[in-house]
Amino acid sequence: MQYRELSVPGAFEITPKQFGDPRGLFLEAFTARAFEDAVGHSFDLQQANCSVSAAGVLRGIHFADVPPGQAKYVQCLRGAVLDVVVDLRVGSPTFGRWDGVLLDDTDRRAIYLSEGLGHAFLSLEDHSTVMYFCSAGYAPEREHGIHPLDEQIGIEWPATARDGSPLTPLLSEKDDKAPTLEEAGRQGLLPSMESVGDFLATRR
Ligand SMILES: Cc1cn([C@H]2C[C@H](O)[C@@H](COP(=O)(O)OP(=O)(O)O[C@H]3O[C@@H](C)C(=O)[C@@H](O)[C@H]3O)O2)c(=O)[nH]c1=O
């Protein structure tokens with residue numbers, strides 16, 4: 001299992017080793033030891049989520065108030081999604097930067113996003129099934145969104161599905177009404193790098 005830190009510090013791409021045999025395949029989807037070696041603290045599993053998305057469905061950009069925030073370890077069990085992390089931590093040297101990892105049922109990678117980072121994904125195939133472990137339970141009043149098509153962030157979402165057909169982004173009503181990064185900053189919704197650092201210090 002290989003961890004590679006993304007260009008947004010605190011986010012990692014995880015590539016598992018797959019063992020194929022006549023029955024199919026086997027892989028370790030998460031190991032505490034590799035996680036702790038790469039991230040520096042244990043993963044505090046409080047909730048596991050699953051969503052199924054048609055091609056073109058765009059979910060996010062979502063984040064939670066820090067503390068405690070909500071770190072996520074995300075995998076795509078069926079289909080394919082472009083999974084994106086956005087640095088929303090005010091005061092971070094990489095504030096506003098995004099990075100992405102293709103999660104699919106071929107390479108079976110995972111992505112980990114630390115507290116304070118924004119999360120979004122675009123489904124590239126019908127029935128894309130995304131499973132993610134969360135470090136905190138659902139608290140709707142502490143969850144926020146930034147519009148995933150915000151031009152200032154400029155995420156380069158694919159225009160075509162895995163089969164080459166054109167994609168039209170389909171957003172929830174809530175996500176379609178979400179503020180831009182600039183508006184969210186003005187409203188004081190964004191987490192600060194300091195609050196994330198203080199919280200993570202309690203986890204080490
Ligand atoms: C996230 C969540 C939603 N729900 C409910 C609320 C709502 O009726 C329904 C769908 O919720 P949403 O529209 O927020 O689902 P969705 O847009 O898929 O939200 C998810 O997006 C990705 C990008 C994330 O990072 C997740 O943390 C989560 O925010 O499920 C829960 O009961 N528990 C939960 O933990």
Side-chain angles (χ1 to χ4, degrees), residues 1-21 24-55 57-64 66 68-89 94 97-138 143 148 155-158 161-162 196 199-200 203-204:
M1 186 173 282
Q2 279 186 344
Y3 274 71
R4 176 178 72 87
E5 191 158 28
L6 300 180
S7 65
V8 173
F12 293 81
E13 171 195 88
I14 300 110
T15 306
K17 187 165 180 205
Q18 301 192 53
F19 300 90
D21 66 26
L25 65 87
F26 179 93
L27 63 99
E28 294 179 350
F30 171 86
T31 74
R33 189 163 170 192
F35 181 88
E36 285 162 28
D37 286 349
V39 178
H41 59 79
S42 58
F43 188 83
D44 186 14
L45 175 62
Q46 295 295 325
Q47 186 171 319
N49 295 336
C50 179
S51 63
V52 180
S53 301
V57 167
L58 178 51
R59 298 178 189 254
I61 306 164
H62 297 162
F63 63 103
V66 183
Q70 191 183 47
K72 295 164 193 173
Y73 185 98
V74 187
Q75 303 168 76
C76 180
L77 304 186
R78 177 183 179 187
V81 302
L82 178 69
D83 202 281
V84 164
V85 54
V86 184
D87 193 347
L88 304 176
R89 302 166 298 192
T94 53
R97 181 184 292 174
W98 68 274
D99 204 347
V101 173
L102 177 69
L103 304 181
D104 63 16
D105 51 17
T106 304
D107 292 328
R108 299 184 183 276
R109 293 200 167 93
I111 185 172
Y112 171 70
L113 305 87
S114 169
E115 290 82 353
L117 298 175
H119 178 227
F121 61 84
L122 174 67
S123 170
L124 303 174
E125 199 176 296
D126 282 343
H127 313 293
S128 288
T129 303
V130 172
M131 177 95 194
Y132 46 108
F133 305 145
C134 301
S135 68
Y138 182 48
E143 275 225 358
I155 299 169
E156 291 165 31
W157 294 112
R162 232 183 3 178
V196 173
F199 177 72
L200 289 179
R203 299 285 298 116
R204 295 203 150 88

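One-based numbering along the sequence shown.
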Tightest non-hydrogen contact, residues G118 and L88, listed as CA-CD1, 3.5 Å
Check: W157 side chain, P148 main-chain N or O, donor-acceptor pair, under 3.5 Å:
yes
Worksheet item: Taking E5 for the side chain and A38 for the main chain, is one N or O donor matched with an acceptor at less than 3.5 Å?
Response: no
Residues C134 and F43: closest non-hydrogen pair is C-CZ, 3.8 Å
Rounding to 0.5 Å, atoms CD (E143) and OH (Y138) come to a distance of 5.5 Å
query = Taking NZ, NE, NH1 and NH2 as the nitrogens, is one of them in R162 or D105 under 4.0 Å from a carboxylate oxygen of the other?
reply = yes
The reported gap from CZ in F26 to CZ in F19 (rounded to nearest 0.5 angstrom) is 8.0 Å
Using a 3.5 Å distance criterion without hydrogens, assess whether the side chain of T15 forms a donor-acceptor pair with backbone atoms of R109. no
Under 3.5 Å, side chain of S123 to main-chain N/O of A54, donor-acceptor pair present?
-> yes
Here the pair of heavy atoms bringing F199 nearest to P68 is CE2-O, 3.4 Å
Side-chain donor or acceptor of R89 paired with backbone N/O of L117 under 3.5 Å:
no
Heavy-atom nearest pair, C50 first then M131, reads CB-SD, 4.2 Å
Report yes or no: does Q70 contribute a side-chain atom to a donor-acceptor pair with the main-chain N or O of A136 at less than 3.5 Å? yes
Would you indicate whether E28, at its atom CD, is surrounded by more than 12 heavy atoms from other residues, nucleotides or ligands within a distance under 6.0 Å? no
Would the distance check show the side chain of D99 and the main-chain N or O of S7 forming a donor-acceptor pair, the cut-off being under 3.5 Å?
yes
The reported gap from CG in L102 to CD1 in I111 (rounded to nearest 0.5 angstrom) is 10.5 Å
In short, V39 meets R204 closest at the heavy-atom pair O-NH2, 3.4 Å
**Message:** Are S135 and Q46 packed together at the side-chain level, in the sense that at least one heavy-atom pair is separated by less than 4.5 angstrom?
**Reply:** no
Rounded to the nearest 0.5 Å, the CD atom of E36 sits from the NE2 atom of H41 at a distance of 9.5 Å
Quick check: are there more than 12 heavy atoms from other residues, nucleotides or ligands sitting under 6.0 Å from CD of Q47? yes
Review point. How are the rings of Y132 and H119 set relative to one another: parallel (under 30°), tilted (30 to 60°) or perpendicular (over 60°)?
Key: perpendicular
Main chain of A34, side chain of T31: is a donor-acceptor contact present, judged purely on distance under 3.5 Å? yes
For L82 and G100, the nearest pair of non-hydrogen atoms, with its separation, is CD1-C, 4.4 Å
#### Entry: Step-by-step side chain to side chain contact (heavy atoms under 4.5 Å, CB included) determination, F121 to C76
CA-CA 11 Å; F121 61 84; C76 180; over 6 Å; no
Does atom CZ of R33 have more than 12 heavy-atom neighbours, drawn from other residues, nucleotides or ligands, at distances under 6.0 Å?
no
* Run the side chain to side chain contact (heavy atoms under 4.5 Å, CB included) check on L113 and V74 step by step: do they pass? -> CA-CA 8 Å; L113 305 87; V74 187; 3.9 Å; yes
CD (E13) and CG (L103) are apart, to the nearest 0.5 Å, by 8.5 Å
Margin query: Over 60° means perpendicular and under 30° means parallel, so tell me whether F30 and F35 are parallel, tilted or perpendicular.
Written below: tilted
Evaluate the side chain to side chain contact (heavy atoms under 4.5 Å, CB included) criterion for residues L124 and L122: first the C-alpha distance (whole Å), next the side-chain angles of each, then the deciding distance (0.1 Å), finally the verdict. CA-CA 6 Å; L124 303 174; L122 174 67; 4.0 Å; yes
task: Please confirm whether the backbone N or O of D107 pairs with a side-chain atom of Q18, one donor and one acceptor, at under 3.5 Å?
output: yes
In this structure, OH of Y73 is separated from OG of S114 (nearest 0.5 Å) by 15.0 Å
With side chain to side chain contact (heavy atoms under 4.5 Å, CB included) as the criterion, how do V130 and R59 come out once you've worked through the C-alpha distance, each side chain's angles and the decisive distance to 0.1 Å?
CA-CA 11 Å; V130 172; R59 298 178 189 254; over 6 Å; no
